[in-house]
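First the structure, in the form of structure tokens, and then the observations on it.
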Amino acid sequence: MKIEFRKIPLQETEFEIISNSVKFLGTFSKISSKLAKISSKLSGNYDVDCCKCGITFDIPVDTDIEFLLSDGIYSSQSNDEELVIIEVEDHFLDFNEILHSELESLRSEYHVCDNCKTNDNLVEIEY
Ligand SMILES: [Zn+2]
């Protein structure tokens with residue numbers, strides 16, 4: 001799902017996309033000619049790799065994310081920690097790309113499968 005930046009409506013507009021088993025939904029609207037925002041929710045399950053044994057398993061995600069979108073380089077001095085800043089390079093807001101990059105950053109976190117967690121507990125008991 002893509003929308004041209006200048007065509008983003010001023011009023012909050014609903015969107016919903018699904019990738020594999022993760023749902024990405026919420027509202028988006030334009031703040032100024034160069035800024036837009038997305039209030040969104042990610043929910044579902046996504047695949048990650050265990051950092052110990054490498055097995056792929058899925059874990060649930062249920063999180064609210066606020067994005068600030070800038071058409072071009074984001075130049076504001078105010079740093080709002082609550083917001084994820086996205087610089088749109090080709091004047092198109094691409095929801096699939098946003099979802100994809102969010103899932104990539106979730107995947108890059110440290111994940112341990114249940115099996116390895118259990119083994120860790122066993123080691124601790126032996127001590
Ligand atoms: Zn593991």
Side-chain angles (χ1 to χ4, degrees):
M1 181 179 157
K2 271 188 172 192
I3 182 167
E4 203 176 335
F5 203 94
R6 63 186 180 85
K7 289 181 181 163
I8 296 172
L10 287 169
Q11 70 272 24
E12 292 197 342
T13 306
E14 291 186 6
F15 72 94
E16 178 176 334
I17 61 170
I18 296 172
S19 171
N20 298 321
S21 49
V22 176
K23 201 186 267 190
F24 179 43
L25 61 100
T27 60
F28 65 101
S29 59
K30 197 183 262 184
I31 300 169
S32 70
S33 63
K34 294 282 180 195
L35 287 177
K37 67 167 181 170
I38 298 178
S39 300
S40 68
K41 185 174 182 63
L42 277 182
S43 64
N45 292 287
Y46 64 103
D47 290 335
V48 296
D49 295 327
C50 173
C51 65
K52 298 205 169 182
C53 68
I55 197 174
T56 301
F57 61 106
D58 60 42
I59 58 173
V61 58
D62 183 17
T63 182
D64 295 322
I65 312 176
E66 302 270 321
F67 295 98
L68 187 65
L69 300 130
S70 170
D71 188 13
I73 305 291
Y74 181 67
S75 57
S76 172
Q77 298 298 318
S78 62
N79 267 329
D80 196 332
E81 300 282 321
E82 300 289 303
L83 294 169
V84 179
I85 311 287
I86 295 177
E87 292 177 347
V88 178
E89 285 170 5
D90 57 0
H91 307 295
F92 273 91
L93 172 52
D94 186 337
F95 288 93
N96 295 82
E97 201 177 292
I98 294 169
L99 173 56
H100 182 75
S101 66
E102 278 309 303
L103 289 176
E104 283 302 309
S105 72
L106 288 170
R107 278 193 193 104
S108 65
E109 287 169 15
Y110 181 86
H111 298 289
V112 180
C113 74
D114 285 342
N115 205 14
C116 292
K117 275 181 197 159
T118 309
N119 288 342
D120 274 356
N121 289 341
L122 285 175
V123 171
E124 280 164 27
I125 290 165
E126 282 169 13
Y127 284 118

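Just so you know, ligand 1 is whichever comes first in the structure, and atom 1 is the first atom listed for that ligand. Just the heavy atoms: all of them, side chains too, but no hydrogens, waters or symmetry mates, feed the values below. Note that the structure is predicted; figures quoted are calculated from it, not measured.
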(request) Check the surroundings of atom CD in Glu16: do more than 12 heavy atoms from other residues, nucleotides or ligands lie under 6.0 Å from it? (result) yes
(request) Could you pull out the closest heavy-atom pair between Asp49 and Phe57, with the gap in Å? (result) C-CE2, 4.1 Å
(message) Does this structure show an ion pair linking Lys37 with Glu12, if we count only N-O contacts that are shorter than 4.0 Å?
(response) yes
(request) Sum up the protein N, O or S atoms located under 2.8 Å from the Zn ion (ligand 1). (result) 4
(request) Return yes if some donor-acceptor pair links the side-chain N/O of Ser70 with the main-chain N/O of Leu68 below 3.5 Å, else return no. (result) no
(message) Checking His91 against Asp71: is there a side-chain donor and acceptor pair closer than 3.5 Å?
(response) yes
(message) In the structure I gave you, are the side-chain heavy atoms of Ile18 and Phe24 within less than 4.5 Å of one another anywhere?
(response) no
